[in-house]
Every structure is written in C-alpha cells, then in structure tokens.
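Hydrogens, waters and symmetry mates are skipped; everything else that's a heavy atom, side chains included, is used. Naming convention: chains lettered A, B, ... in sequence-line order (proteins, then strands); numbering from 1 in each chain. Being a predicted model, the structure only gives us computed values, none of them experimental.
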Amino acid sequence: MEYNSQQIEKKWQNFWKENRSFEPSEDFSKEKKYILSMFPFPSGRLHMGHVRNYSISDAFARYYRQQNFNVLHPIGFDSFGMPAENAAIKNGSHPKGWTYDNIDYMKNEFYSLGFSFSRERELATSDELYTKFEQGFIIDMFNKGLLYREKGLLNWCPNDQTVLANEQVVDGCCWRCDTPIVKKDMNQYYFKITKYADELIDDLKKLEDGWPKQVLTMQDNWIGKSNGLEFDLFFDDNSLSILDNKFKSFDVFTTRPDTIYGVSYTALAPEHDIVTYMIENKLLSDEVISRIKVMKNASNIDRQKEKEGIDLGIRVKHPLLNKTVPVWIANFVLMDYGSGAVMAVPAHDERDFDFAKKYDLEINAVINPKEGEHDFTASAYTERGVLFNSGEFDGMDSKKSQYNIIKYFEDNKIGKKTTNYKLKDWGVSRQRYWGAPIPFVHCDKCGLVMEKKENLPIALPEDIEITGEGNPLEKHPTWKHCSCPECGGDAVRETDTMDTFVESSWYFLRFCADASNWENEAFSKEQLKYWMGVDHYVGGIEHAVLHLLYARFFTKVFRDLGYLDFDEPFDRLLTQGMVLKDGAKMSKSKGNTVDPDAIIEKYGADTARLFILFAAPPTQELEWNDSAVEGAYKFIKRFYDRSSNITATDAIPNIEHGSLSKEEKFARKKVYEALARSNDVFNERYTFNTMIAGVMEAMNALNVQSNTDVWTEGYWILSSIMEPVIPHVASEISEKYFNLNNFAPQNIIDEVFVEDSVTMAVSINGKARTEIEVAVDADKDSIIAQAKEAGAKWIDGKEIIKEIVVPKKLVNLVVKG
RNA sequence: GCGAUCGUGGUGGAACGGUAGACACGCUACCUUGAGGGGGUAGUGCCUUACGGGUGUGAGAGUUCAAAUCUCUCCGAUCGCACCA
C-alpha cells in the first residue's frame, strides 16, 4: 500500500477522538506527568512557531503515556486582548465572535496536527466561567492588601489608548504596536508584586536545575535588587528660608557608600517634590521653569541622549564634612527609582563625571587604584580601591569601608542600610473592552467597594459599540450603573478591565481541575497537589520576564491565600527557538511565512512534526528548509514501505543473538542504541534531533540484512520510539502488525551490545594513528602489545614513556625521541 | 556599558575530556526509469600525484597521556537589560 498521509492521519485523529485517548485519569495513585505548552492567543491561524511549540510538548506527553504515566497535556486559549478589539475596529466584527471563530479554526488545526491534548479540559480565558473565578481571586487579593488603587504616573500608549505595565514597555515603546509611550497621571490598580521581590529572586535558586540560565538571569536583572546606604541630606539655613521651611532635607540612596567623601553636588529628578514645590511657588525664573517642563516632557529615549541639568540655587550639608554642596536638577535622575534624588561623586561615577565636566562642578577623588594611578581629570575611576581624603576611613579597602561607613551612619543615626529594587508594582488595569472586568464598584457613600462573590462573574455586556475612541464600557448606556454591594445605593461599576497577563498567571492551575466540576470550583487543593508543578513547560523566551514572572508571583500569592502548598509552578522550562526562513523570523510583513495547513495538505502532519523536531535541537533557532521537509517526507515513506519486511506479532520476537550474521547483529545493536538514546533524550537532553538520527541509523542498518525476526523486532521498537514524533504513521504500523502492543516501555537487551572483539583506536602522543581489533576480554598488557605492533612505524627507535588504555575505546602511547 | 548564550564542512547539525564532522540536506558520478520527478549504488572538510601523508572545530595561550569540549586573554555573532545612583 502506498503511503497516504491524508487517509492515515484522518483515521487516527478520529480514533483518538472517539476513544478519549488523551484524557487524564482521576486515579491519583498513578505517577503523573504534567506537560504544558504556553497557550496561544487566538490570532486566527497557527504559525510554524506554534507547530514547533506543540510538537515538542506532544512528544513529551506521548512518551510518558507510553511509559505508563498519568499524563495531563491540556490546551486553552489566552483569548482576551487588544487584537480582538482592533479587528473589531477594522472589520466591524464583534470581539467575542472574532475570538471564538478563531478558536474554532485553530482547534481544528491543532487536531489535524495530531496533538494529544485533553479535549475535555479545553478552555478559553474569555469564558465567563473563567472570569468568575478570576474575579474571586482578585477580591481575595484585595482583602490581603495585594491589590490597591492609586494615582500615579503611568505608561500610556496613545495608539492603543491604554495603560501598560513596565514589563510591556520595550525601548520606550508599546510592546504591541511600537508607539512611543507617554507618561500619564491617572488612577490605576496595582498588584503588590514588590512585596514578593525578595522571594522571587531567592527562589530562582530552586529553578537552577530546570530552567535555562538565561531566563533566570533576565528575571534576576529585572527585579534588580541592590543593597546600599540611604540617608538624608539637610539644607543649609539659606536654602531653608528659600524653601519657606517646607522642606528640611531629602533622601538619597547609594550603592557606593565608600565614595561618600567625594560627594561634590547632589541631583534631583525633574519630577521631585521639591522641584514641583519650587515651580508652583515661583521660586524659579520663568525661563528655568520652562526648561524643566521640556525636560519632563522629553521621551525616555530623548532623555538618554544628552545630560541636562539646572542649578536650583539651593545647597545641602555634606553628611560627614563641614561643607555644603549645590543641589541640581538632572535629567538622568529617575523619579521612580530610589527616592528620585542622588548624591553625586564625579570622581567615581561616569554619569556624575560627565555631568560635572559639562557644568564645571568640583571633582573630588577619594579612592585610588590598588596598583597604578588614575587620571581623575580624564575619567571617573569606578573600580574598587583604597580610600584617601576620607577621614578615619583612609587607607581602607573599598569593600571593607562600605560595611564600616554604613555602620557609622547607623551608629550615629544619620542613615541606614537599604535594599532597592528595579521591579515596580504591576499595574493591571486597562482602559479597554475585551478583558475581564475588575470587580469593583464606586459608591459615593462607601467609596471603593468590592463586588460580592455570589454576584460573580461580572460579565461583559455584548451590545457595545467599538469605535476605537475610549473605553466602550464607559459609554455603554446601562452596564456600569449598579447598586452598591455595601449600602444598596446607586453606584458605578469600574469600567477598567484587567491586563490579559492576569489570566495567563493561573491557567495552568485551572487545567488541574476535572472539567466535570468546573462550574463549582476553580480547582481543589488535592488536584493541585497531585498535578503540580508542571513537569515540562514549553514556550518562547519572549515571556522570560512577563508571563513567567507573573505566574511565579501568582503561585506565591495563592500559596499565601491557602489555595496551594508549593512555591514554584514550573519545574522544568524549555524555551524553544524561533522558526526562521531565509535567516529572518517568519512574519507576515516580511512575506516569508510557511502556512502549516499547506504543509499538512501536501506532506501530512507527521512530516511537519518530523522535520521540525529533526532540523535542530529545540532550544535553537530553526531554519525552514523546503528540501529538508521533502527529506522528512521521504523518510516516513520509507519507514512505511519497509514495514512490509515484518510479520505480525503480539509480542516482541525472541531472537537467538549468537546465531546471527554480522549484519544482523549490527542491526540489532543499532536498534537498541536508538532505544537507549530515546530514553536519554526524553529524560535528560531533549535533543530530539539526535534521537531521530539514531532511528535513521537503525533503519539503515536494518536495511542491509534480511532476517524477518530482526526486522520485526526493529519495527516493534522503532515505531514505539517514533510514536511521539510521527504518531499517525507509527500507530498505523503498530496496529497492523503489533495490535498497538508495542506502545509500552521497552526493555534494553544487553546481549546485543556484547561483542567478541572490539575496535580500538591507537594514538601516539594523543594523535590518532591506526586501529586494532582486540578480544573483549583481552588484558591490558596484550592490548598494549598489539597496539605497539600496529603502531610500530610511529614508535620505531623511540622510547615509550607512558601507556594509557581506555577500555573498549583507545590506546594512547606516549613516546619520546 | 552590563549580563546571558554561542562560534565545528557548501547547509542544518553530531560528538556528555578519548578515532571530529554521526544523521540529514545539497552537490558529483554511475545504474534504473528514461520529459520532469521517483528509486538505487558510490563519493563528498581542506591540502597533497594515487597508496599514503599532512592539516583541521573563530585567534592565541594554558591544564591534560589526550581538548570542539576545561581555564584565561582577545575577536566576532545573537538575545536581553540599560543614565537603576
């Protein structure tokens, strides 16, 4: 029979559906594996990145099912979000209709690729049932003080007309539409993720064995913990009177207390309270005020170009020296890090140095290199060294003096040791329609009030008009009017919706719950205890600091709310590389996409999966190559065709190894090598390309012999190994010849690796020269003797000073002369 | 600037300190079919006149009996962060 991918694949996809083949068992006494790929946004169609992502997780899921694990391999859709609304604006579609149509289409694509997802646990985060529990969690978090509402300077995308979290601002632009963001002062809801900053950093250690180092580093940098000294700088008398005695001092933070004696000026952010006061009370000239305004309005990118400063004409006292230093505004001082004010040490900080040079400010050196000299007029010396001009700390090593200086400040109660983080609280409200409503009510009498849990979900109204201007919920005639859950009086609903990253922060927990009880509870503690953590989480590295940080945060919050008992959600993370074509990421705008549907139609899903897993290890980028796809197709065809060499059996054939020919023995050895490699790949290395190469080698070896039992045994094992990769054709072969009995753990037979003789390399001085054939039980002396004979032409007339034998591998003779 | 990852044939990539280039793509020759395509056999790092020999994993040094692999310096690429005090 000719290989017909369409027919075979359709057949098995129906079989799996009808037999509920991939539903997890509720028998919690079995060993489990939770295999998860990051769920997709329902953008419309699958792309090759999706195919790669789910081919990897599906291989894991199918492998562990064969190994008799209870496997949870669910799929869902991250279905709230702006593209649905943007499509609505563009095409006049309804976000809900657009979203669910896309989900239906993409689900079909998934199943036409043969992915072994649990169909019963499919979900979309825009389902009201999902919103219901999410809103419940939000209320719990508010009660715990982990959600709060506050006015603040926010990242605003003028194009998407919404606020963005810091994590969603890339190079000063919106992560979605690339529009430069502006700062906007408005009310916003925040998750108190900073409360967990220390734990989020510390627990990265627990992930060291299972997560890529790069992701751990990115999270570590993002949280950005730094230790240092915080202290107040007090104004001198003249400055106090300029400021009408409204401010006595301001607070600064430094990670370099060892440079404290070198402070020669201080700088405030243009947004600092003191600056605002001076502007409001006309303590600065109109010209200066307008310069400050320009500084504040500059985009982040402009602000980085050139250092700008303004002397405020006020001075503070140096904390340790009997002198005063000027207070400036500097555009490089950030209001949202530390206290928005810095002490400046131009001799030992590059920024301070550039600034001091530009405005001709004092440069006071206080640290010398341990060796050599530094020209302090040319550049800042930012390394550690030895202190001078530093009072009682002279001669001390910088590292040591940091500790001592902090101690001095603390003993004299003029400052204290502090930790600062780059991580900010997570702003979660979005001024958009297609998201989960934030379940709060504004009441004139009671203020900000939570909805009652029994009223959940607060669902979105469907009769809305989407124009692209403002938030449609705001303009809906009735939706936002409600009665206050506390006093029953007239009240108004919050019209902000949640950041879609809230949904993806707990979906992996929802999947743990048996769908038959989804109506009643989000999940049970018992279910989470059994299924979590996720054994293999597969997804793109682009979520290294967004989703993966938020999901870790939610897990810790849920733990503290008593919903679960673990600290980290994802035991092992596999970040797959991008799919490229012509050296660039596949994208519609570049016109270099390959449509998965077209590949499935032409070659079949098995070919697509085989190519994608064979062309590169999963973590590396993968270059699309049409002729290599063709090659994958040919392999499958051969694999299918050559199954005609085997005979049907319900059990693996018994073969008397000793009576086989050399070729037959070799074929068996390659088959079992492939099996060993497969186990290694799934458990340790995840390099599916090498596993597939092993199977190809075994096929090549089988092909040069004609023993039916060896062929049959070979196919019993190879089709088992390949089922996770090419499940349709593997199932077809297995059903026809083995009654599907070979999809089970396979024993490695040691005797196939036992040989009478073994080829060993002979190297002289580490350089490979020749080979010898030795008996496996040969002793060291006879091996060396044989090696000397074989290598005679390289050792003649020379003295052998060392002989090394690596059993079954090589002999190295070290000669002199 | 800081950090992470990585540099191996024409290409994708193997080699978990022990015979570098497995497996595949491409290419060449031949056979089969004989439009194309498909199938098969052999070859394919580079240099060298074959046998043989030499050389070779970005460059250089080191550790080791033995280095693509470990260490250091430099060069280059990719990604991430970036005026974070």
Side-chain angles (χ1 to χ4, degrees), chain A residues 170-171 212-222 224-226 228-230 252-256 259 266-267 269 300 303-307 330-334 336-345 348-352 354-355 382 420-423 541-542 544-545 575 577-578 580 610-611 614-617 619-632 634-635 637-638 641 680 684-685 687 689-700 759-771 793 800-815:
Chain A
V170 179
D171 290 335
K213 202 169 175 182
Q214 188 184 181
V215 176
L216 297 174
T217 312
M218 281 167 75
Q219 292 217 353
D220 192 32
N221 290 343
W222 187 265
K225 182 175 182 170
S226 52
L229 169 69
E230 184 184 298
V252 294
F253 171 74
T254 180
T255 54
R256 293 294 303 274
T259 65
T266 67
N300 283 358
R303 232 167 122 161
Q304 284 179 31
K305 277 183 190 153
E306 167 90 40
K307 290 191 172 44
N331 65 345
F332 64 86
V333 180
L334 307 173
D336 53 10
Y337 184 77
S339 58
V342 298
M343 65 174 220
V345 189
H348 303 291
D349 181 284
E350 278 169 30
R351 291 156 305 171
D352 297 346
D354 293 344
F355 194 84
T382 58
N420 257 306
Y421 301 90
K422 285 199 250 178
L423 182 72
I541 195 153
E542 65 271 19
V545 285
T575 49
M578 286 191 300
L580 310 178
L610 178 64
F611 165 74
F614 181 56
T619 54
Q620 278 182 38
E621 287 178 342
L622 180 147
E623 174 72 27
W624 188 265
N625 179 330
D626 287 323
S627 51
V629 174
E630 193 86 37
K634 284 183 200 165
F635 173 79
K637 203 163 138 17
R638 268 200 306 276
D641 291 343
D680 187 37
E684 305 283 341
R685 291 157 63 90
T687 49
N689 54 328
T690 62
M691 176 184 94
I692 295 164
V695 171
M696 289 175 171
E697 284 177 52
M699 278 296 288
N700 292 343
T759 306
M760 292 178 74
V762 177
S763 57
I764 316 292
N765 289 344
K767 179 174 279 298
R769 288 298 181 183
T770 185
E771 287 177 351
K793 75 186 260 200
I800 296 177
I801 53 176
K802 199 160 186 177
E803 298 153 342
I804 289 120
V805 176
V806 183
K808 293 181 183 173
K809 288 248 166 82
L810 61 69
V811 180
N812 188 23
L813 302 173
V814 185
V815 299

Do [X] side-chain atoms and [Y] backbone N/O form a donor-acceptor pair below 3.5 Å?
| X | Y | answer |
| --- | --- | --- |
| A:Asn765 | A:Val815 | yes |
| A:Thr687 | A:Asn689 | no |
| A:Asn331 | A:Glu306 | yes |

Quick check for you: among [options], whose closest atom lies nearest to any side-chain atom of [X]?
| X | options | value |
| --- | --- | --- |
| A:Phe253 | B:U19, B:A85, B:A24 | B:A85 |
| A:Lys767 | B:C16, B:G18, B:U55 | B:U55 |
| A:Met218 | B:A4, B:A85, B:G80 | B:G80 |
| A:Thr255 | B:A66, B:G13, B:A85 | B:A85 |
| A:Glu697 | B:A85, B:C23, B:U19 | B:C23 |
| A:Val342 | B:A85, B:G18, B:C25 | B:A85 |
| A:Arg638 | B:A4, B:G13, B:G40 | B:G40 |
| A:Phe614 | B:C65, B:C23, B:A85 | B:C23 |

Taking the same atom, [atom1], in [N] and in [M], what whole-Å distance lies between them?
| N | M | atom1 | result |
| --- | --- | --- | --- |
| B:G45 | B:C31 | C1' | 28 Å |
| B:U19 | B:U73 | P | 29 Å |
| B:U78 | B:G58 | C1' | 15 Å |
| B:A20 | B:A66 | C1' | 14 Å |
| B:U57 | B:A68 | C1' | 5 Å |
| B:U33 | B:C47 | C1' | 40 Å |
| B:U69 | B:G17 | C1' | 7 Å |
| B:U8 | B:A14 | C1' | 10 Å |

Mind checking if [X] touches a base, just sugar-phosphate, or nothing, with heavy atoms under 4.0 Å?
| X | result |
| --- | --- |
| A:Asp349 | nothing |
| A:Val806 | base |
| A:Gln620 | sugar-phosphate |
| A:Pro212 | nothing |
| A:Arg769 | sugar-phosphate |
| A:Asp626 | nothing |
| A:Ser763 | nothing |
| A:Glu621 | sugar-phosphate |
| A:Gln219 | nothing |
| A:Tyr421 | nothing |
| A:Lys793 | sugar-phosphate |
| A:Asn700 | sugar-phosphate |
| A:Val695 | nothing |

Contacts under 3.5 angstrom, residues 801-812 of chain A side chains, donor-acceptor by atom type, not counting sequence neighbours:
{"from": "A:Glu803", "atom 1": "OE2", "to": "A:Lys788", "atom 2": "NZ", "distance (Å)": "2.8"}
{"from": "A:Asn812", "atom 1": "OD1", "to": "A:Ser763", "atom 2": "OG", "distance (Å)": "3.1"}
{"from": "A:Asn812", "atom 1": "OD1", "to": "A:Gly766", "atom 2": "N", "distance (Å)": "2.9"}

Indicate whether OP1 or OP2 belonging to [N] is found under 4.0 Å from a side-chain N or O atom of [X].
| X | N | result |
| --- | --- | --- |
| A:Lys634 | B:G38 | yes |
| A:Asn221 | B:A82 | no |
| A:Arg685 | B:A15 | yes |

Could you pick out which residue, A:Thr217 or A:Lys307, lies toward the 5' side of RNA chain B when each is mapped onto its nearest nucleotide?
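On the 5' side of the pair lies A:Thr217.
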Assign each of A:Lys422 and A:Ser627 to its nearest nucleotide of RNA chain B by heavy atoms, then name whichever residue's nucleotide is nearer the 5' end.
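Per heavy-atom nearest nucleotide, the more 5' residue is A:Ser627.
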Is there a donor and acceptor pair, one atom on the side chain of A:Gln214 and one on the base of B:U5, closer than 3.5 Å?
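Check fails, no donor-acceptor contact within cut-off.
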Which heavy atom of A:Asp680 sits nearest a heavy atom of A:Arg685, and at what distance?
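Scanning both residues completely, I find the closest heavy atoms to be OD2-CD, 2.8 Å.
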Quick one: closest heavy-atom pair of A:Tyr337 and A:Tyr421, and the distance?
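Heavy atoms only, the tightest pair is CE1-O, 3.7 Å.
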Contiguous pairing runs of three or more, Watson-Crick or G-U under 3.5 Å, that involve RNA chain B
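B:1-7 with B:75-81, B:10-12 with B:23-25, B:26-32 with B:38-44, B:45-48 with B:52-55, B:58-62 with B:70-74 - these are the stems of 3 or more pairs that involve RNA chain B.
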Determine whether the aromatic ring centres of A:Phe635 and A:Phe614 lie less than 6.0 Å apart.
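No, the ring centres sit 6.0 Å or more apart.
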Residues two or more places apart in sequence or in another chain: which of them pass side chain to side chain donor-acceptor pair (under 3.5 Å) with A:Arg769?
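Result, side chain to side chain donor-acceptor pair (under 3.5 Å) vs A:Arg769: none returned.
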For A:Val252 and A:Thr266, what are the C-alpha separation, side-chain angles and deciding distance, and is it a side-chain contact (heavy atoms from CB on, under 4.5 Å)?
CA-CA 9 Å; A:Val252 294; A:Thr266 67; 5.6 Å; no
Integer-rounded Å distance: B:C25 C1' and A:Ile692 CD1
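Taking CD1 of A:Ile692 and C1' of B:C25, I get 15 Å after rounding.
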May I ask you to check if A:Lys307 and A:Phe332 form a cation-pi contact, with NZ or CZ under 6.0 angstrom from the six-membered ring centre and within 45° of the axis?
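Geometry flag: set, cation within 6.0 Å and 45°.
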